[in-house]
Amino acid sequence: MFVMSFSDSYDPKKFEPKWQAYWEEHRSFQVREEAGKPKFYLLEMFPYPSGRIHMGHVRNYTIGDVLARFLKMRGYNVLHPMGWDAFGMPAENAAIKNKTHPAAWTKENIKTMQGQLRRLGFSYDWDREVATCDPEYYRWEQKIFIEMFHKGLAYKKKSLVNWCPSCQTVLANEQVEGGACWRCDSLVEQKPLEQWFLKITDYAEELLQETYNLKGWPDRVLTMQREWIGKSVGAEVVFKVEGSGEEIVVFTTRPDTLYGVTFLSLAAEHPLIDGLVKDEAKRAELEALRERVRKIDRDKRVADAYEKEGVALGVNVIHPLTGAKVPLFAANFVLMEYGTGAVMAVPAHDQRDYDFAKKYALPVQVVIEPKEGAKKPLDQAFVDPGVMVQSAQFDGMGSEEAKQAIVKFLEQQKHGKAKVTFKLRDWGISRQRYWGAPIPIVYCETCGAVPEKVENLPVRLPLDVEFTGEGGSPLGKIAFFVNAPCPKCGEPARRETDTMDTFMESSWYFFRYLSPKDNEEPFSRLSSDYWMPVDQYIGGIEHAVLHLLYSRFFTKILRDLGYTGVSEPFKNLLTQGMVIKDGAKMSKSKGNVVDPEYLIDKYGADTARLFCLFAAPPEKDLDWNDAGVEGSSRFLVRVWRLLTELFPLYRRRMGANTAPKPALSILRGVHTKLHQTIKKVTDDIQQDFHFNTAISAIMELVNKVAEVPRADWEGEEGAALLSQTLESLVLLLSPFVPHFCEEAWRNLGYDGSLLDFPWPSFDPEATQADLVTVVVQVNGKLRGKIDLPPQATEDEVKHFVDTDEKIKAHLEGKSVVKTIFVPGKLLNLVVK
RNA sequence: GCGAGAGUGGCGGAAUUGGCAGACGCACUAGAUUCAGGUUCUAGCGAUCGCAAGGUCGUGGGGGUUCAAGUCCCCCCUCUCGCACCA
């Protein structure tokens with residue numbers, strides 16, 4: 001039924017589609033829970049269906065595919081799903097521009113991109129495919145939202161929010177980068193709006209603590225998350241305003257400096273200011289300050305670029321411990337969003353306060369001195385720990401120790417308390433856009449905001465909508481959507497017209513893959529208990545604090561709602577580098593895009609895959625190089641030709657994993673190299689994903705095999721080794737270039753797929769070469785080399801040295817004072 | 001400014017515990033095959049001195065430890081990324 005032959009030249013077009021169809025028909029990558037096998041959940045970040053696959057996708061998914069295939073051959077039950085992050089703004093923009101519908105546009109793109117992924121031969125279980133715009137997907141998100149609402153984890157609040165004027169919608173804090181929109185780079189404005197929020201701050205401490213247990217994540221991602229969460233331990237201190245009942249609460253991380261407070265600074269927008277300042281001239285001055293602060297916001301704040309300035313409010317506050325009167329200022333460097341929007345100023349021990357005090361000639365009161373004695377005069381703030389001075393009963397205490405002591409004292413005196421502050425804010429998830437999952441809430445005159453009944457879910461996004469491109473969500477204009485009965489009292493009410501942030505969908509899609517067709521619940525607990533957590537997650541670094549933080553948060557929510565037993569979704573994370581060409585990230589605007597489909601057409605999918613893997617290790621940026629692609633293609637042609645040439649000598653399964661070490665020296669070399677290569681490829685794949693070195697090791701093996709004269713393969717020993725070598729070679733290459741290897745495997749005479757064969761194994765003893773090069777150095781400089789058995793002794797190497805004229809020349813007239821011998825490596829003679 | 005990472009031929013990149021720097025590939029050069037080009041094959045390919053044998057230098061710069069440093073320590077420079085007045 002098949003021909004044992006390598007008669008044809010390498011022509012990927014002829015067999016790549018055939019093998020894709022084979023895997024499909026045989027459901028080669030379909031998996032289910034199996035008790036007998038170790039499980040491995042391998043996940044790559046699912047794409048936004050923008051229209052076409054780009055090189056970044058090819059790289060990301062090829063990296064994942066190598067692992068998936070490798071692990072499958074090593075006996076793991078590998079879950080490797082794929083889906084679509086299908087809601088989002090580009091669909092809406094395209095709809096307006098091209099007079100189409102976001103749903104149609106998205107569906108079309110998914111179809112195209114799915115075809116492209118298939119053409120690359122990725123090993124997905126397509127039966128688990130998920131598209132987040134499917135009502136059967138977002139239905140469960142709505143249910144989870146409602147459960148969060150009931151637990152007080154989803155709530156509505158009016159506040160200043162980030163508004164992108166170009167996207168015409170609100171952005172979460174995580175989605176503002178340097179004051180600009182993460183998607184379109186427009187400058188973000190602040191706008192007061194009523195919005196739905198998720199209480200991620202309830203999980204701030206756990207999200208932070210767990211970062212210390214995520215051993216399989218890159219440090220830099222964990223650091224970014226920790227900084228984003230931004231925990232500060234300190235205290236709140238209450239200052240009474242002189243001549244008024246008002247109190248001002250400040251947050252400080254330096255309670256040890258409390259006796260050094262010489263004034264107080266409020267944020268320009270602090271709500272107490274208006275009540276405290278009656279003077280018209282002062283009010284005008286304040287207004288000018290606020291205007292400048294707003295402008296700074298717009299121009300992106302750069303710490304050093306703006307001088308500290310402020311307005312004296314003409315009001316004093318009372319120091320809670322000393323009773324001293326200290327003046328109150330509004331200052332441009334105090335942020336309303338952080339802490340309490342009010343700061344106690346200690347110029348001696350905080351550089352900002354010091355700068356401010358110098359400018360306005362305010363007193364500087366030292367309360368901590370360095371252990372080695374005070375430096376006078378102070379020309380900048382002293383911010384290090386030291387010894388307490390001028391601090392009443394705390395004098396002489398170490399400042400670190402005094403932090404706690406002073407907080408304790410404040411608590412006793414009821415002037416303050418210990419306090420922990422986070423930079424992390426609650427996650428605003430309302431979006432004033434159409435193409436997203438509806439927020440399942442109905443507003444009723446009498447009952448207020450009421451969640452939709454769970455049995456009525458999904459709240460479907462209406463598809464019959466006009467796209468005009470004019471501001472605002474079109475949902476508000478659709479009467480049959482907006483008008484809904486109150487789920488509680490049944491009276492006519494109005495539906496929420498905002499949709500959910502699309503990061504909601506991507507925060508739990510990896511759970512939905514576990515039972516994607518479940519119509520009882522979001523996903524089954526059983527499948528989650530079997531598959532979760534994701535063993536290896538692969539994707540771009542750009543989601544370090546967005547998607548990856550939200551997903552961690554959602555997982556904890558799902559745990560607390562009883563859906564899963566895991567607290568962290570991703571055990572190991574690999575962040576792959578970008579694809580660079582001509583010094584810049586590939587992008588349409590730069591005009592340096594290479595279309596993957598063009599590559600497949602020209603060279604075949606295997607070449608495209610091979611180049612992505614060979615050009616750089618996964619975590620580094622990949623520098624695109626058209627000539628390099630040629631090289632990868634050439635390598636495959638070369639291997640194919642080698643197989644074709646050697647095929648007549650090949651005898652199937654003759655020494656498949658047992659070929660003994662031959663007597664002939666050149667074959668012994670191949671035998672050693674083969675075992676070394678199996679070891680190296682295996683280690684490189686599973687230890688650090690360094691596929692580039694794995695591939696170069698295979699290239700070396702191929703070079704070695706090609707050097708052997710044909711006649712040397714002909715005896716029994718040679719044939720056994722040839723059998724093992726060729727079969728191992730094909731199996732070792734198969735995770736990287738699967739179509740090539742399946743076809744080669746078949747040509748070698750096998751029916752079916754090589755996926756059913758085990759990964760080659762090696763004999764550690766056989767990796768040891770007969771001879772190793774021992775280096776001879778004189779005074780650390782290389783003077784000679786000799787090939788000797790690895791166990792050669794120092795005396796044997798010295799004996800060689802005595803017979804080598806070149807080395808002897810360097811020893812002429814000198815005496816050896818010391819020798820260093822590293823067996824199998826080198827001999828270093830130190831002479832005088 | 002703070003934090004993290006990186007700096008190795010013309011290029012992408014390799015180098016267990018410190019032990020032959022430059023694996024593998026690309027580009028390039030010469031030759032062979034073909035002869036229209038391409039493909040393929042052989043050889044060369046860090047710099048420098050030398051006819052050669054061979055020598056000297058060489059992993060951003062400077063110092064140090066060591067028999068031996070790309071690798072360890074100290075100082076400096078450059079680049080990339082992240083954070084950016086967070087009290």
Side-chain angles (χ1 to χ4, degrees), chain A residues 177-179 218-228 230-232 234-235 250-254 257 265 267 296 300-308 331-335 337-346 349-353 355-356 421-423 541-542 544-545 577-578 580 610-611 614-617 619-632 634-635 637-638 641 683 690 692-703 706 772-785 806 809 816-822 824-831:
Chain A
E177 294 171 350
D219 282 338
R220 115 184 143 106
V221 174
L222 295 175
T223 304
M224 283 165 74
Q225 293 214 351
R226 284 177 202 137
E227 282 176 2
W228 187 261
K231 180 180 179 177
S232 295
V250 303
F251 173 70
T252 180
T253 56
R254 294 294 305 274
T257 64
S265 305
I296 289 171
K300 299 181 186 179
R301 281 190 264 227
V302 179
D304 303 325
Y306 296 96
E307 204 184 327
K308 282 154 194 57
N332 67 342
F333 63 91
V334 180
L335 305 173
E337 317 87 77
Y338 185 74
T340 58
V343 190
M344 63 181 217
V346 187
H349 305 294
D350 181 288
Q351 193 56 42
R352 292 158 302 183
D353 296 340
D355 295 343
F356 195 88
T421 297
F422 293 91
K423 278 195 244 178
I541 186 82
E542 65 273 18
V545 280
M578 293 184 298
I580 304 285
L610 187 65
F611 177 73
F614 182 60
E619 69 278 6
K620 287 185 73 168
D621 286 348
L622 185 156
D623 209 343
W624 192 266
N625 176 339
D626 290 330
V629 181
E630 293 276 357
S632 294
R634 203 176 307 157
F635 172 68
V637 171
R638 203 162 114 77
R641 201 169 50 233
D683 289 351
H690 281 188
N692 57 331
T693 51
I695 292 165
S696 77
I698 296 174
M699 288 173 168
E700 285 181 51
L701 175 65
V702 169
N703 292 345
V772 294
T773 303
V774 176
V775 172
V776 181
Q777 296 179 334
V778 177
N779 283 347
K781 293 196 174 176
L782 179 68
R783 297 304 181 193
K785 294 178 186 183
K806 277 194 234 161
V816 176
V817 294
K818 189 175 180 184
T819 61
I820 289 103
F821 179 67
V822 183
K825 284 257 156 96
L826 90 157
L827 176 72
N828 189 8
L829 304 169
V830 185
V831 301

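Scope of the values below: all heavy atoms of this structure, side chains included, with no hydrogens, waters or symmetry mates.
Qualifying side-chain hydrogen bond (donor to acceptor under 3.5 Å, both in side chains) partners for A:Arg220, counting only residues two or more places apart in sequence or in other chains: none. Partners of A:Glu630 by side-chain hydrogen bond (donor to acceptor under 3.5 Å, both in side chains), not counting sequence neighbours, listed by chain and number: A:Tyr603. Shown here are the side-chain hydrogen bond (donor to acceptor under 3.5 Å, both in side chains) partners of A:Lys231, two or more places apart in sequence or in another chain: A:Glu205. Applying the side-chain hydrogen bond (donor to acceptor under 3.5 Å, both in side chains) criterion to A:Glu619, with sequence neighbours excluded, gives A:His690. For the ring pair (Phe, Tyr, Trp, His ring centres under 6.0 Å) test, residues two or more places apart in sequence or in another chain that qualify with A:Phe611 are A:Trp624. Residues forming a side-chain contact (heavy atoms from CB on, under 4.5 Å) with A:Lys781 (at least two apart in sequence, or on another chain): A:Arg783. For A:Arg254, the salt bridge (Lys or Arg N to Asp or Glu O under 4.0 Å) partners two or more places apart in sequence, or in a different chain, are A:Asp256. Scanning for salt bridge (Lys or Arg N to Asp or Glu O under 4.0 Å) contacts around A:Glu700 gives A:Lys673, with sequence neighbours left out.
Across the C1' atoms, B:U59 and B:U71 are found 10 Å apart, a figure rounded to whole Å. Only the C1' atoms considered, B:G7 is 15 Å distant from B:G12, to the nearest whole Å. Rounded to the nearest Å, the gap between the P atom of B:G61 and that of B:G10 is 13 Å. Here the separation of B:G46 from B:G38, taken at their P atoms, is 25 Å to the nearest Å. Comparing the P positions of B:G13 and B:U8 gives an interatomic distance of 9 Å, to the nearest angstrom. For the C1' atom pair drawn from B:A21 and B:A43, the interatomic distance equals 23 Å after rounding to whole Å. Here, B:C11 and B:C28 have their P atoms 15 Å apart, quoted to the whole Å. The C1' atoms of B:A15 and B:G9 are separated by 15 Å, rounded to the nearest whole Å.
Between A:Leu335 and A:Ala267, the closest heavy-atom pair is C-CB, 4.0 Å. Across every non-hydrogen atom of A:Asn332 and A:Lys308, the tightest pair is OD1-CA, 3.5 Å.
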Practice task
Starting at the 5' end of nucleotides 19-44 of chain B, put B wherever the base has a protein heavy atom under 4.0 Å, S where only the sugar-phosphate does, and a dash everywhere else.
Solution key: BB--BBSSS------------SS---

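Figure legend. B:G1 is base-paired to B:C83; pairs are counted as Watson-Crick or G-U wobble with both atom distances under 3.5 Å. Across all strands shown, B:C35 remains unpaired; no Watson-Crick or G-U wobble contact has both distances below 3.5 Å. Pairing of B:G18, defined by two Watson-Crick or G-U wobble distances under 3.5 Å, is not identified with any nucleotide. As the counterpart of B:C57, B:G46 is assigned, both hydrogen-bonding distances of the Watson-Crick or G-U wobble pattern falling under 3.5 Å. Both distances falling under 3.5 Å, in either a Watson-Crick or a G-U wobble arrangement, place B:C72 opposite B:G64. Both distances falling under 3.5 Å, in either a Watson-Crick or a G-U wobble arrangement, occur for no nucleotide opposite B:A27.
To the nearest 0.5 angstrom, A:Leu827 atom CG is 8.5 Å from A:Gln777 atom CD. Put simply, NE2 on A:His349 and OG1 on A:Thr257 are 7.0 Å apart, with the number rounded to the nearest 0.5 Å. Distance check: A:Ile698 CD1 to A:Thr693 OG1 gives 10.0 Å after rounding to the nearest 0.5 Å.
Whole-Å rounding puts the A:Ile580 CD1 to B:U80 P distance at 12 Å. Taking atom CD on A:Glu619 and atom P on B:G13, their separation rounds to 11 Å, with Å as the unit. Per the geometry, NZ belonging to A:Lys308 stands 14 Å off P belonging to B:G1, to the nearest Å. The nearest whole Å value for the distance from the CG atom in A:Asp219 to the P atom in B:A6 is 11 Å. Distance CZ (A:Phe821) to P (B:A68): 19 Å, rounded to an integer number of Å. Remark: P of B:A6 and CG of A:Asp623 are 19 Å apart, rounded to the nearest angstrom. As rounded to whole Å, 14 Å separates atom P of B:C81 from atom CD of A:Glu542. The interatomic distance linking A:His349 (NE2) with B:A87 (P) rounds to 17 Å, in whole Å.
A residue-by-residue look at A:His690 and A:Glu227 shows that A:His690 has its nearest nucleotide of RNA chain B further toward the 5' end. Residues A:Val343 and A:Ala616 both approach RNA chain B. Their nearest nucleotides, taken by heavy-atom distance, put A:Ala616 toward the 5′ side.
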Report all interatomic pairs (protein N or O, nucleotide N or O of nucleotides 46-48 of chain B) with separations under 3.5 Å.
none

What are the atom names and distances for every N/O pair under 3.5 Å that joins the protein to nucleotides 52-54 of chain B?
{"residue": "B:G54", "atom": "OP1", "partner": "A:Lys806", "partner atom": "NZ", "Å": "3.2"}

Short N/O separations, protein against nucleotides 57-60 of chain B, under 3.5 angstrom:
{"residue": "B:C57", "atom": "OP2", "partner": "A:Lys781", "partner atom": "NZ", "Å": "3.2"}

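Looking only at side-chain heavy atoms (C-beta outward), A:Val250 and A:Val343 stay at 4.5 Å or farther from each other.
In this structure, A:Asp621 reaches the sugar-phosphate backbone alone: every heavy-atom distance under 4.0 Å involves primed, P, OP1 or OP2 atoms, never a base.
Here the options are A:Val816, A:Ile820, A:Thr819, the test is side-chain contact (heavy atoms from CB on, under 4.5 Å), and the partner is A:Val830; only A:Ile820 passes.
Base orientation for B:G61: anti, the chi torsion being more than 90° from 0.
Aromatic pair A:Phe614/A:Phe635: ring centres not closer than 6.0 Å.
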